[in-house]
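Notes to accompany the following structure.
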There are 2 protein chains.
Amino acid sequence: MSPSPGRPRRASQELLQEAAFELFQLRGYRRTSVEQIARTAGFSRATFFNFFSSKAELFWVETDALIDALSGFLAAELDREEPLGLRDALLEHAGGMRSAEIPWALQHYRLIEAADDLIASGASRVLGVNRLFADYLRRRDAGEGGEGGRAAIGGEARAAELTALLIVALRSWIDAGVERGRLRDHLERAFRTEAGL
Amino acid sequence: MSPSPGRPRRASQELLQEAAFELFQLRGYRRTSVEQIARTAGFSRATFFNFFSSKAELFWVETDALIDALSGFLAAELDREEPLGLRDALLEHAGGMRSAEIPWALQHYRLIEAADDLIASGASRVLGVNRLFADYLRRRDAGEGGEGGRAAIGGEARAAELTALLIVALRSWIDAGVERGRLRDHLERAFRTEAGL
DNA sequence: GTATTTACTAGACTCCGTCTAATAATATAG
DNA sequence: CTATATTATTAGACGGAGTCTAGTAAATAC
């Protein structure tokens, strides 16, 4: 509560996002300029860049929070004496996700392919999740009197596989519409492919 | 041989690429402007955009040719009475790839993450390959008195899985250095994960 | 009050991608 | 040989993204 010195904030990420999402719905992502977003929210273009490093970053705020939560869950899991397999860890943590928790960006994931900067920033998130998974497997297997080098390639492959399947499950879950229930069913269905063809 | 009317071409994709790759090596992708590329090759910025729709497209020309070849192989495979499974088709076609055939862009794939437009254009290629695989599975299974709807989700998952594993194999193959041999070994090692953990 | 600190803004800059209008170099028709 | 059609290349302007600097506004601290 102790008020800090200096001019108090008027702008916020939330205010800018509100304006932005409305404009995105109305005119599309590409035809909405940063200037328009900022002015609609009642601020200047320069202020926008005080809150987001790019137009695309505004799109991913809530999704990044989800990824951070997953990252935290996996880190905690690694601290247990018997960490779950990555697949089961995903089923336990992400599986419980409810429809209301889907961020605006994922709800409207079809917008992504229409803009290069959204594709780039989205791909960066996917690569980040992949790194997260690869680290988890590496550190989990290291803590199991592991084989070291040989398993490394397998670990990369396993991480990439689960990253891809997570995305497929997410997409199918979102496409299922408002009555979609929890993510778990779709995750299990995607993971079922693993047994190979 | 019949000479067509109009001013003859002086510029070409190859000339522009030569200049570009040299500059990329020298100063990095981001700090090389389209203007510099065009002037180094002896042309104007406007001419550059007559040959490439963007700076990033120049990067992917040879890689796109590889993807087209794979696409052709899969299409031909679907015309046979007993098309291979996707996994075996990849082993047969891509597995035979030799070190000398690696395009400049893939050889230098680490450049990609340094520039947003390369990430975006690279991700578009990955999504394209994924669509290619999903189509293959869909059409192959349709031609086998298929089950229709149920298999669709599994097909998407299987396609995403194999796309991810192909990329892991490619990366490990390229990282293996000049004595890397054929792609097949790395593909097999990546596919071995499928059996599940 | 004045000084300090922080939030916001105006404006300039580079680069990308798009577009239009102009010029240059060739083939062909007469 | 000249005129015309056709195609390649160019100059130049534009809007938008992202970067940067210098300045103004609104609060606290003294």
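Protein chains get the first letters and strands the later ones, always in sequence-line order, with residue 1 at the start of each.
- To the nearest angstrom, C1' of C/dC19 lies 17 Å from CZ of B/Phe48.
- Note: CZ (A/Arg31) to C1' (D/dC14) measures 18 Å, nearest angstrom.
- Side-chain proximity of B/Arg7 to the nucleotides D/dT9, C/dG17, C/dT9 is greatest for D/dT9.
- Nearest to the side-chain atoms of A/Ser44 among the listed nucleotides D/dA8, C/dA10, D/dT10 stands C/dA10.
- Computed from coordinates, the A/Glu35 CD to C/dA10 C1' distance equals 11 Å when rounded to whole Å.
- For A/Arg45 against D/dT19, a side-chain N or O and a base N or O form a donor-acceptor pair under 3.5 Å.
- Out of C/dC15, D/dT9, D/dT6, the shortest distance to the side chain of B/Ser33 is found at C/dC15.
- Distances were taken from every side-chain heavy atom of A/Pro5 (C-beta onward) to each of D/dT28, D/dA17, C/dC8; the shortest belongs to D/dT28.
- Taking atom CG of residue A/Leu118 and atom C1' of nucleotide D/dA17, one finds them 13 Å apart after rounding to whole Å.
- Atom CD in A/Gln13 sits about 12 Å away from atom P in C/dC8, given to the nearest Å.
- Nearest-nucleotide assignment on DNA chain D puts the 5′-proximal partner with B/Arg39, out of A/Lys55 and B/Arg39.
- Side-chain atoms of A/Glu156 do not come within 3.5 Å of backbone N or O of A/Ala134 as any donor-acceptor pair.
- Taking atom CZ of residue B/Arg10 and atom P of nucleotide D/dA8, one finds them 13 Å apart after rounding to whole Å.
- Note on A/Ser12: nothing from the nucleic acid sits closer than 4.0 angstrom, heavy atoms only.
- The closest side-chain heavy-atom distance from A/Thr163 to A/Arg131 is not below 4.5 Å.
- Residues A/Asn50 and B/Ser54 each lie close to DNA chain C; by heavy-atom proximity, the contact nearer the 5' end of the strand is made by A/Asn50.
- Remark: P of C/dT20 and CZ of B/Phe49 are 16 Å apart, rounded to the nearest angstrom.
- Atom CD of B/Gln25 is surrounded by more than 12 heavy atoms from other residues, nucleotides or ligands within 6.0 Å.
- Nearest nucleotide to the side chain of B/Thr47, out of D/dT9, D/dA17, C/dT18: D/dT9.
- Residues forming a side-chain contact (heavy atoms from CB on, under 4.5 Å) with A/Glu22 (at least two apart in sequence, or on another chain): none.
- Atom CZ of B/Phe51 and atom P of C/dG17 are 17 Å apart (whole Å).
- Residues satisfying the ring pair (Phe, Tyr, Trp, His ring centres under 6.0 Å) test with A/Phe24, not counting sequence neighbours, are A/Tyr29.
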